[in-house]
Structures are given as C-alpha cells and as structure tokens.
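Everything below concerns the one structure shown next.
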Protein chains: 2
Amino acid sequence: MDWITQVAERLRATGGRMTTQRRLILETLAQCTDHPTAEEIYQRARQRAPDLNLSTVYRTLRWLEDLGVVGTQRFEGERPQERFDPAVSAQPEHHHFRCRLCNTIIEFPAPLLEVLKQDFITHYGGTIESASLIFYGLCESCLQKVETYGPLSFNPNAITGPHERPSHSTGRAS
Amino acid sequence: MDWITQVAERLRATGGRMTTQRRLILETLAQCTDHPTAEEIYQRARQRAPDLNLSTVYRTLRWLEDLGVVGTQRFEGERPQERFDPAVSAQPEHHHFRCRLCNTIIEFPAPLLEVLKQDFITHYGGTIESASLIFYGLCESCLQKVETYGPLSFNPNAITGPHERPSHSTGRAS
DNA sequence: CCCATTATTGCAAATTATTTGCAATTAGTG
DNA sequence: CACTAATTGCAAATAATTTGCAATAATGGG
C-alpha cells in the first residue's frame, strides 16, 4: 500500500473524506524533496488544477500536521512563514541544517540527541516528547565558493549596524 | 560598566543615538526573566511611558537582534509570533525547553551539542555558525500533576482528527 | 550653550501569512 | 440514486510585523 492510500485510510478512520483536492495536495507533497511553504505547495499543485484554493491547501496541511504526516519548521532570518516537511512520516526523528547562503536544507539523523535529552531530564526532571534541532551555517559547496572568491557580498545575515537593516529600514533614506 | 551602557556604547560606535525610548526598552528587557513577545515588551515598557509606540519597540528589538543582544525564538504550536530572548548576550549558547502545559521555558546549556555539530560536518562538510535546539515536553511540576490527577483535559496539543482542530476549525459547525 | 544636522519617533496605513464564515458542492452511505 | 455531513471556494477577517512620512530630539561643532 502506498503512502497516499495509507494516509487516506487514516483519514477515513476518523470520518474524513478523500477528495480530489486532498489527493492532489498529497501527490504534490510526495514529489517534494524540499521544505516548501504553503504558497509554494499551492503553486505546484495548481499547475494541475488551476481552481484549487489556497485555503484548501492550508486546511489540508493543518490536517496532515495533526496526523503527523507533515512536520512544520520555522527558519531564522526568513519572513515569518511556516515551511512544511513531507519527510516526517518516513523518518520521524530527523533534524535540519540550513545554509545561510543558498538556503539548501540538509536533513540528518541525530541519535546522540537522546543523550542530550537524558542529560536534561537528569538535571531538570520532566519528560521530553519532541525536539527540534536546527543548524545554521554554510554548506560544503558555499563554503568552497567563499574560500575561493572571498566573502560574498550578498550575505543576508551581515550585521550592518542599528539604523540600517538589510531589508527593513527605519524609514529614512540613506 | 553595566549592560545598558555597554549596549549604548556599541550603538554610538555605529552612528546610532541613545534615546529615552531605547533606554526604556533596554531597562525593560534587563528585568525580563522570561521570553516575551514584542507586544508584551511594549505593554511592560508602556507602564512607565504611556506614549511609547509599538513600532519603536519592534525597531529597537530588530536593532538589538542585529547587535546580538537579544535572540529570537519561535515555538511550535504558538501563534506565528516571535519571542525575544534577553539572555543571549549573557550566555551566548543556551537552548530551550518548553513545557507543553504551562508554557514555562527552561534555558539550559548543551556542551554536548559540539559533538553533534562535529558529527554533522564530518558527514556533510560545510561549517556550522549557530544552532537552535528546542525540547518540548512536560516540566517536572506538570508531570507530577498529570501523574496525580491523570491527563489534563486542556492539553493544547491533543490530536483530535482531521476535520476538527482545537483552534482553527474547517468552517463547519460541529 | 545654542544650532544645525540627521537619526529616531509616533502615527497611520500597508504587507504578509494565515484563518474563518458561509453558501454551494461533493464524497460516502444506505 | 438520494441523503447527509464533510469539504470546497470565495471573500473577508485576523494578527504580527513593517514602512512612509512629517514632526521631534540627540549629538557634534561652533
């Protein structure tokens, strides 16, 4: 039984219905190798069904999130939007590296994290149900480029001082 | 030299000016033991200067963020808003545990994370410049309560099925 | 110590991501 | 095939955050 049928089954079990739109969104997700935003998923799915609506995409994504079929991530330095991670059901515990220059995301397992969790509980008590670990840095290929050509001028995280932020200025012409 | 003077100095160094509002916001931040939202900082600061404006709070916070004086965090399951962390300059590398029931945040150091970073680089190359680690679970005191009284009914993360999300419904009366 | 320069503020309006009410549609059931 | 309730599309509502602009205020120089 393939992934979509599996999801459909879980859906039925709770009184849900498998619709054309939901199938389309599931198929779109199945083809993703990245971490798209709701808008991106909408655009990709829309190529096959132009009258698909963005609300439907959001509703479907929230539903999949509740089902644990997709995960959500927020990355620093981005517009305050959510990215969806179609890979959670395949590899429940994976984490993310994000390249500050090319924005590539690398998913990696971190079994050692269990030790960190245990450490935490030993000190503070309680229980840990889930964990989110994100590394930020340069991926190998961007690192090479920087080493070859020197620091790239469009570095989005460059600190420019208090009154001149890269994207959001204080409202004065510079 | 205290923290505020230090920040002020860095500000001057880049052509910035220390204003009443900025000092007020800095003082407010210095008293925080939690991770407030911009709105919360605004409300607290406003008690001493009622005509302070929310935009000013945002602008000041972004400026402090660029300076590395405050950090920002987004927690799962919250409205898509940012929380600000006044503790970053004091302890640059600390991480967060968030209790799913009482929302308490515990900050903890994780020296072992260095091993994880090294692990990653060994496998994938590149460099790691920063890391964000968040644990979600129950804090010791909520765990006790749950063990004593049974699962709490208001569990905000409870999975309720596809068509009935806790907060955002699909638009149908249930 | 006052003035000029220019960073900063307050305000209101704009943006952006996301959610929601509702009438029309449609999947699944008998 | 008809019925019922889940789902959709649409448009409008929220909510967090940013921005343009005129007015204000901090600093450096006379």
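Just so it is clear: chains get the letters A, B, ... in the order the sequence lines come, proteins before strands, and each one is counted from 1.
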Rounded (10°) bend between the five-pair end axes of the helix from C:dC1-D:dG30 to C:dG30-D:dC1: 30°
Presence of A:Asn53 side-chain N/O under 4.0 Å of D:dC10 phosphate oxygens OP1/OP2: yes
D:dA16 OP1/OP2 closer than 4.0 Å to side-chain N/O of B:Arg79: no
Derivation of the side-chain hydrogen bond (donor to acceptor under 3.5 Å, both in side chains) call for A:Thr5 and A:Asp2: CA-CA 6 Å; A:Thr5 319; A:Asp2 72 334; 2.2 Å; yes
Contact nearer the 5' end of DNA chain D, comparing A:Leu54 with B:Arg12: A:Leu54
Under-4.0 Å side-chain N/O to phosphate OP1/OP2 contact, B:Arg59 with D:dT18: no
Sugar-phosphate, base or nothing in reach of A:Thr19, heavy atoms under 4.0 Å: sugar-phosphate
Sugar-phosphate, base or nothing in reach of A:Thr37, heavy atoms under 4.0 Å: nothing
Nearest-angstrom distance from the residue atom CG of B:Leu52 to C1' of C:dT9: 10 Å
Base C:dT6 to side chain B:Arg17, donor-acceptor N/O within 3.5 Å cut-off: yes
A:Thr56 side chain near D:dG9 phosphate (N/O to OP1/OP2, under 4.0 Å): yes
Any pair counted as salt bridge (Lys or Arg N to Asp or Glu O under 4.0 Å), so long as it reaches residues 107-116 of chain A, sequence neighbours left out: A:Glu114-A:Lys117
Residue met sooner reading DNA chain D from 5', once A:Asp51 and B:Pro80 are mapped to nucleotides: A:Asp51
Among C:dT9, C:dT18, C:dG28, the nucleotide that comes nearest once only the side chain of A:Gln81 is considered: C:dT18
Given D:dC10, D:dT18, C:dT8, the nucleotide with the shortest approach to the side chain of B:Arg22: C:dT8
B:Glu140 side chain to A:Gly126 backbone, donor-acceptor under 3.5 Å: yes
Phosphate-side-chain proximity, B:Gln21 and D:dA25, N/O vs OP1/OP2 below 4.0 Å: no
Nearest-angstrom distance from the residue atom CD of A:Glu82 to P of D:dA16: 14 Å
Length of the CD-P vector between A:Glu40 and C:dT16, whole Å: 15 Å
Sugar-phosphate only, base, or nothing, as touched by A:Glu39 at under 4.0 Å among non-hydrogen atoms: nothing
Euclidean distance, atom OH of residue B:Tyr42 to atom P of D:dT18 [Å, nearest integer]: 16 Å
A:Arg98 bridged to A:Glu76 by N-O distance under 4.0 Å: no
No-H, no-angle donor-acceptor pair, A:Ser55 side chain to C:dT20 base, under 3.5 Å: yes
Under-4.0 Å side-chain N/O to phosphate OP1/OP2 contact, B:Tyr58 with D:dT17: yes
Separation of C:dA17 P from B:Arg74 CZ (nearest whole Å): 12 Å
OP1 or OP2 of D:dT7 under 4.0 Å from side-chain N/O of A:Thr60: no
Separation of C:dT20 C1' from A:Leu61 CG (nearest whole Å): 17 Å
Spacing of A:Leu64 atom CG relative to D:dT7 atom P, expressed in whole Å: 12 Å
Lys/Arg-Asp/Glu bridge criterion (N-O < 4.0 Å) met for A:Glu9, A:Arg12: no
Pairing of A:Arg62 and A:Glu82 as salt bridge, 4.0 angstrom limit: yes
Under the salt bridge (charged side-chain N to carboxylate O under 4.0 Å, His left out) test, residues paired with A:Arg83 that sit two or more places apart: A:Glu40, A:Glu78
Check: A:Glu39/A:Gln43 side-chain N/O donor and acceptor closer than 3.5 Å: yes
Interatomic distance where CE belongs to B:Met18 and C1' belongs to C:dT9 [whole Å]: 15 Å
Exam field: side chain B:His123 to backbone B:Phe120, donor-acceptor pair closer than 3.5 Å: no
